[in-house]
Amino acid sequence: MLRALTGLLAPPACLACRAPGTTPLCAACRRALRVLRPEAVCPRCGLPRPCDGGGGGRGRGCPAADAPWARAWAPVAYTGPATALVAALKFRGALPCASLMAAQVAALAPPGLLAGGVLAPVPTHPARARRRGYDQADVLACALARRSGLAVEACLTRAGPRSRQLGAGRAERLQDGRLHLRCRRAPPSRVVLVDDVHTTGATLRAAAAALRRGGAAEVVAVTWARTL
Ligand SMILES: [Zn+2]
Ligand SMILES: [Zn+2]
């Protein structure tokens with residue numbers, strides 16, 4: 001509430017470069033976003049081609065060759081003003097960011113990607129979402145629903161840390177959080193997973209695997225930004 005009021009009182013400014021006038025991004029920062037055209041990226045991992053490190057296929061191979069999704073895609077690279085916009089969505093309650101992100105996803109999505117099924121946000125850890133007062137993937141999915149006509153369905157749930165793991169190392173806790181994604185109920189046959197950033201893909205993999213185990217025939221992973 002306080003954040004919303006502050007947002008109303010503060011003069012509009014670019015969330016990346018702080019230039020006054022336009023929010024969430026000024027024209028210069030919008031132009032500085034690196035767009036990943038669908039035809040220029042690998043449909044499995046969303047990285048610019050060649051995704052295997054080059055060498056005419058002699059590289060290490062597509063990092064998502066064995067991923068449980070049919071396709072992973074993001075419209076922009078997670079670099080420059082994109083990192084500022086994601087940080088604003090995550091930590092400063094800048095929900096208008098979600099509207100801009102959803103507009104870009106809807107405008108640049110490859111044909112058929114948003115053509116059926118439901119939008120399922122990848123749930124943030126519940127303690128984190130409680131602290132922030134919202135779940136950024138859910139906010140992004142709702143904004144995308146308005147643009148795509150697909151409904152949002154909270155197919156997945158993420159368990160909180162168990163008390164006996166309080167002493168566990170950070171890596172173990174992260175691993176545990178990822179493994180505790182599960183379906184609330186039987187998911188629809190096609191699910192479009194929605195999150196803000198695709199980095200290693202570990203969380204998206206856990207989410208897609210849970211949906212496939214739950215009975216979804218096709219899962220695609222859509223994020224706004226892709227770490228290169
Ligand atoms: Zn700017
Ligand atoms: Zn690839």
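Hydrogens, waters and symmetry mates play no part in the numbers below; they use all other heavy atoms, side chains included. Remember, it's 1-based here, ligands and their atoms both numbered in the order they're listed.
- Under the 4.5 Å side-chain criterion, counting only non-hydrogen atoms from C-beta, Q104 is in contact with V76.
- Under a 3.5 Å cut-off, the side chain of R190 and the backbone N or O of A217 do not form any donor-acceptor pair.
- The backbone N or O of D196 lies less than 3.5 Å from no partner atom in the side chain of T223, so there is not a single donor-acceptor pair.
- Rounded to the nearest 10 degrees, the angle SG (C45) to the Zn ion (ligand 2) to SG (C42) equals 110°.
- Using a cut-off of 4.0 Å between Lys/Arg side-chain N and Asp/Glu carboxylate O, R49 and E39 are scored as not salt-bridged.
- Only protein N, O or S atoms were considered, and those under 2.8 Å from the Zn ion (ligand 1) are C14 SG, C17 SG, C26 SG, C29 SG.
- Electrostatic pairing of R205 and D66 counts as a salt bridge here, judged by a charged N lying under 4.0 Å from a carboxylate O.
- Panel note: side chain D135, backbone T124; a donor-acceptor pair is recorded below 3.5 Å.
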